[in-house]
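Here's the structure, in structure tokens; my notes come after.
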Amino acid sequence: LLGGKAVAQTAAGDPANLPPNVADWSRYLGEGVAVRAYGRPSEHESHVIRRDVEWLTASRESSVSFTPLHELDGPITPNGLCFERHHGGIAELNPQDYRLVLHGLVDRELVFTLDDIKRMPRVNRAHFAECAANSGMEWRGAQLNGCQFTHGMIHCVMYTGVPLRVLLAEAGVKPTAKWLLLEGADASGMTRSLPMEKALDDCLVAYRMNGEMLRPENGYPVRMVVPGWEANMWVKWLRRIEVGDEPWYHREETSKYTDLLENGTARKFTFVMDAKSVITSPSPQAPINHGRGFTVISGLAWSGRGAISGVDVSLDGGRNWRPARLDGPVWGKALTRFYYELDWDGSPLLLQSRARDETGYVQPTKNELRAVRGLNSIYHNNGIQTWHVTAAGEVENVEVS
Amino acid sequence: LLGGKAVAQTAAGDPANLPPNVADWSRYLGEGVAVRAYGRPSEHESHVIRRDVEWLTASRESSVSFTPLHELDGPITPNGLCFERHHGGIAELNPQDYRLVLHGLVDRELVFTLDDIKRMPRVNRAHFAECAANSGMEWRGAQLNGCQFTHGMIHCVMYTGVPLRVLLAEAGVKPTAKWLLLEGADASGMTRSLPMEKALDDCLVAYRMNGEMLRPENGYPVRMVVPGWEANMWVKWLRRIEVGDEPWYHREETSKYTDLLENGTARKFTFVMDAKSVITSPSPQAPINHGRGFTVISGLAWSGRGAISGVDVSLDGGRNWRPARLDGPVWGKALTRFYYELDWDGSPLLLQSRARDETGYVQPTKNELRAVRGLNSIYHNNGIQTWHVTAAGEVENVEVS
Amino acid sequence: TDGAHPDLPTGLGLGRAAAPEEIAGWDIDVRPDGIGLPEGRGSVLEGEEIYVMQCAVCHGDFGESAGRWPMLAGGSGTLDSHDPVKTVGSYWPYASTLIDYIYRAMPYGNAQSLSANELYAVSAYVLYLNDVILDEDFELSHENYADIRLENEANFFPDDREAAEAHFWREPCMESCLPGTAEITMRARALDVTPEPGQGPTVD
Amino acid sequence: TDGAHPDLPTGLGLGRAAAPEEIAGWDIDVRPDGIGLPEGRGSVLEGEEIYVMQCAVCHGDFGESAGRWPMLAGGSGTLDSHDPVKTVGSYWPYASTLIDYIYRAMPYGNAQSLSANELYAVSAYVLYLNDVILDEDFELSHENYADIRLENEANFFPDDREAAEAHFWREPCMESCLPGTAEITMRARALDVTPEPGQGPTVD
Ligand SMILES: [Ca+2]
Ligand SMILES: [Ca+2]
Ligand SMILES: [Ca+2]
Ligand SMILES: [Ca+2]
Ligand SMILES: [Ca+2]
Ligand SMILES: [Ca+2]
Ligand SMILES: [Co+2]
Ligand SMILES: [Co+2]
């Protein structure tokens, strides 16, 4: 036995249902099959939901709701809990009326129905989608008390989609073509410029998530998937692709999603998401309730540059590190689950995780990032997250020296 | 262009929403974030559901509802569409009252709460769960006209769970122990005997599917996962594990799930699911609506003995075969997606797929199976499935010479 | 990081000791060697009363089945026929299975409600319906359970697919694998046509 | 079968030719070189009328913002300060962005409703609020668009993280990586405490 005897179990429980008694659910027939033609979680999991923070934005239609990372495990996000980030609310497209126009510097200007797209050759790939503004509220210090809020603008699902290069080949791309404009059919008319090289690499015109059609809030029926790059480029409710020779410098790639540095200049075209990680449990919304002894530290790591090669965990605010265990599939540009198993002696901890990717990049501290980028770059905060664990098992978002 | 010009697109669509017109969803704000705290599919996907066939069973509480395979793609089944197979309806357990008793030939007889189980070290693995009765209705010939019904007692999700060996190590297994009894808390008190060697191999005491807690109909909060073996052994609503020295020969492993041969003897302990495959599209519920030309034949393959090594497709009822393309992750004892891209000339087809696994097993024809097992073995029908495609693109479940 | 499970920590000290009285309430299983049988007794005639009140509505007065509910008796000697009928008496290997199953699952809708005496009585009656017990005065108990033997006990053998189906491990044929052109020999049933009772497929 | 996409068939003949008139209705984007600008014209004064009726309720009479809605004007010269204010005039590189964005997204709740003339007028007014256009009689159009230049145009440069942050590609330190014991320097905000306007973090 590690660290002494096991802690007493969680209190409560209706004795009528506990051994040696026999619960009603062991005696009486439950609901039959196909009553729930489409299933839903147990009512006992009704606390596991996306959440927004009302005061973070002016209106719910241009806002975000966060994935409850602290309540999940493994590398896959279930469809009903994938974060939302809208700029004009959810566009509710009728699939019969869905059209994708592909035009510009192409040999053949084309329009596709959804059936056309679903007829095309496709692939299945799991990728994380992280908004570049994820953790953006944390640049100036520890702000929001929960990994759902500090890191929850991220999800990872198995996409089914047509490689964008296949679609472009149908149109025939002219030699002068260098950039695409992706445009969405929502009320924000979301647009982003996409470099041709990336378009021909691993982008997907995707319509499924974890096997079924995209959810309305995730772009039903079709969105772009731009593996490893900021999720704003993954235009939802995709209605148009224009092939051009210059970037368009539209609002989301100038006013927004550019990274202001201390000297007043700003980086543009900061597409790729740097390697990053976060401990999801323990975390402020997932305190340690079991006391001392065996404790699993669980978290996620990801990199827009490829596969995670390892994750290290620190218990002392970054002074010393130990390698964690990667578990399950390790895909490129996808979430990877890690665990660190610990015999907790009940002393306070300053927990951190640090991702390393296959290119040799090592996740920096927030101080290291701020030294380069200042405090006002808003986006691409991939700094190491610190959780302070008290002897009582409570957890708080902190920064450390 | 293949096979001539592209076929005219699907008719219909409201002109007001089609280019050059601008749809309302491009003008007016949609629903805001977190209104759907837990998401659901588009209303336009309301036809994508589990279905039962009323006359297949006496009551809905001991029955099956089938995964709509023809409406899915990729290797993962979304949680809301995972088939159900109950023997006493859905047990709706209160997680506070959940207990797992582990006793018998062990050093320490233990009881665990759900919090205890969620505290333990865990892994994440995607596995198919196939009921041994899947396709059982098809032994005597082509019966049900749709892959949802012929093959839909299967799903594949990413499980999070504790290796059973970890749980057993907490109790300390005695040297005379050879078998476990797994018992569920539902109204059927489902029991199965599990050999110790398998228990110590890759079984999981699982509580998550695709990241979130199990659905009630899939065993919330805890079920056994027995990779590659028949799903009846994956006891749902797991309440008790007894460690013993002999199999129990309970009802599900004697009256049921034994395979009667022509000579009146029966195989028992037929645990492993043989390699199998099915084309999910085209299929009777997914006819070819686009006419001649480019056509993707899509399907699933799986083996309880390990990873799929390849899938072949035949267009002529098994006379000649061509290798299909495996796509996405190829996990052991999990669903693998395959595609065969075809320039369809519009002539009738007798489509078949044939799985091959890493042990060298090749999926047999139904005739080959019947030659060994007769017509009454009910379970483990992993025979090759034939779909007849007419020139009009309609698809029917048939058998061929 | 996929595939085989990693070595994980053990000796975690999780869970707590289960008291014997806790375990006893859930430890309801019965084994073929009789271990787990509750103490009790009941006669065929006592079982008939219970059966008529709690079981016959679904399983029929003689275990012949009512409506679409399962059959409990009959089919002896039919296992090697074209239409085998598998019941307690014709197919099951052990009587322990019957006693175990009735207690944990029946009557359907009120499982684990029978007392030990009622359990022996109704089990005896089901065995009587199957001509396994011939004397209506017979009283079944934990003491004489071992005298009950079922006719099909010897006819099960463990999975031999790796030997009997060894020919499925083979080089895959790619061309001219079957003679001539394929002919359709059967077509599917329309799903919305309800078959005559006993005619259509069922789920087991 | 994971990772890089396989070679897939091309020349499938899918989709159909898009007619120019179809495309035109959706081809609403404007580029910095002016390609895509609709034909039209509108003055600052005309724009003021539109702005007052359709925009000021959220963006403020002077583009200073109303409530929590975004600011449109101001902040010139603040970009290198501790609290930079990024608006159309202080931060945006190109006026085309403004014209493009207003048409496709504003007013919020009635996007793509402005005529070309209204678009030029209200864009001119927003530029006027930003002291980019100084003369209230100025009429903006597709013809003189190229005269409009914004002060921050030159201050963007492409992603240089691989150079400027090359030091993040390194051997990971495992021991004594930072001096002394870690001290907590900041603690989180309680989520249910609404901060004073302008005090709390926001989502961009
Ligand atoms: Ca608000
Ligand atoms: Ca029925
Ligand atoms: Ca027992
Ligand atoms: Ca009789
Ligand atoms: Ca254009
Ligand atoms: Ca002014
Ligand atoms: Co960026
Ligand atoms: Co079996």
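Below, read A as the first sequence line, B as the second, and so on, with proteins coming before strands; counting in each chain starts at 1. Every heavy atom of this structure was used, including side-chain atoms; hydrogens, water molecules and symmetry mates were not.
Chosen from G189(A), P78(A), S63(A), C156(A), the residue pairing most often with chain B at heavy-atom distances under 4.5 Å is P78(A). For chain B, the option among P68(A), A187(A), P216(A), P75(A) with the highest count of heavy-atom pairs below 4.5 Å is A187(A). Of the residues considered (A185(A), P41(A), P221(A)), P41(A) shows the highest number of contacts with chain B, using heavy-atom pairs under 4.5 Å. Ranked by heavy-atom pairs shorter than 4.5 Å toward chain A, the options I49(B), V101(B), N79(B), I288(B) are led by I49(B). Each of G80(A), S298(A), G32(A) has some count of heavy-atom pairs under 4.5 Å with chain B, and the biggest count is that of G80(A). For the set V157(B), D52(B), V48(B), L29(B), the count of heavy-atom pairs under 4.5 angstrom toward chain A peaks at L29(B). In terms of non-hydrogen atom pairs under 4.5 Å with chain B, the most contact-rich of W237(A), Y38(A), Y28(A) is Y38(A). Heavy-atom pairs under 4.5 Å with chain A were tallied for P95(B), P121(B), G74(B); the largest tally goes to P121(B). When D24(B), T77(B), N94(B), V35(B) are compared by the number of non-hydrogen pairs under 4.5 Å with chain A, N94(B) comes out ahead. Taking chain A as the reference chain and counting heavy-atom pairs below 4.5 Å, the highest number among A91(B), P15(B), S42(B) is found for S42(B). The candidate with the highest count of non-hydrogen atom pairs below 4.5 Å against chain B, out of L214(A), L72(A), L93(A), is L93(A). Between chain A and the options E92(B), M120(B), M209(B), E341(B), heavy-atom pairs under 4.5 Å are most frequent for E92(B).
For a residue to count as touching a neighbouring chain, one of its non-hydrogen atoms must lie under 4.5 Å from one of that chain's; by this rule P19(A) touches chain B with the side chain only. Residue R36(B) touches chain A through both its backbone and its side chain, counting heavy-atom pairs closer than 4.5 Å. There is no contact between N218(B) and chain A, counting heavy-atom distances below 4.5 Å. Heavy atoms closer than 4.5 Å to chain B are found nowhere in A23(A), neither backbone nor side chain. For E212(B), the parts sitting under 4.5 Å from any heavy atom of chain A are the backbone and the side chain alike. When heavy atoms are compared at a cutoff of 4.5 Å, Y220(A) approaches chain B solely by way of its side chain, counted from C-beta outward. For T160(B), the part lying near chain A is the side chain, with the backbone staying farther off; criterion is any non-hydrogen pair under 4.5 Å. In this structure, chain B has heavy atoms under 4.5 Å from both the backbone and the side chain of D14(A). Heavy-atom distances place both the backbone and the side chain of V123(A) under 4.5 Å from chain B. Using a 4.5 Å cut-off between heavy atoms, R239(A) touches chain B through its side chain atoms alone. Only the backbone of R27(A) comes within contact range of chain B, judged by heavy atoms closer than 4.5 Å. The contact between R122(A) and chain B is made by backbone and side chain atoms together, counting heavy-atom distances below 4.5 Å.
Taking every heavy atom of both residues into account, H70(A) and A286(A) meet most closely at CB-CB, 4.2 Å. Counting all heavy atoms, side chain and backbone alike, C82(B) lies closest to H155(B) at CB-CD2, 3.4 Å. Across D97(B) and G13(A), no two heavy atoms sit closer than the pair OD1-CA, 2.9 Å. The two residues D327(B) and N124(A) come nearest to each other via the heavy atoms OD2-N, 2.6 Å.
Here E84(A) pairs with R50(A), S65(A), H86(A), I90(A), E217(A), V33(B) under the side-chain contact (heavy atoms from CB on, under 4.5 Å) rule; sequence neighbours left out.
In this structure, a donor-acceptor pair under 3.5 Å is present between the side chains of R337(B) and T280(B). Side chains of Y159(A) and D73(B): a donor-acceptor N/O pair is absent below 3.5 angstrom, by distance only. For the residue pair Y98(A)/D116(A), the side-chain donor-acceptor check at 3.5 Å is not satisfied. Side chains of S188(B) and D186(B): a donor-acceptor N/O pair is present below 3.5 angstrom, by distance only.
Using a distance-only test at 3.5 Å, with no hydrogens or angles considered, no donor-acceptor pair links the side chain of R325(B) to the main chain of F338(B). When atom types are taken as modelled, the side chain of T295(B) and the backbone of G293(B) share a donor-acceptor pair closer than 3.5 angstrom.
Contact of the R208(A) side chain with the I76(B) side chain is not registered, since no non-hydrogen atoms from C-beta on lie closer than 4.5 Å. A heavy-atom distance below 4.5 Å is not found between the side chains of I297(B) and S281(B). The shortest side-chain heavy-atom distance between S62(B) and T57(B) does not fall under the 4.5 Å cut-off.
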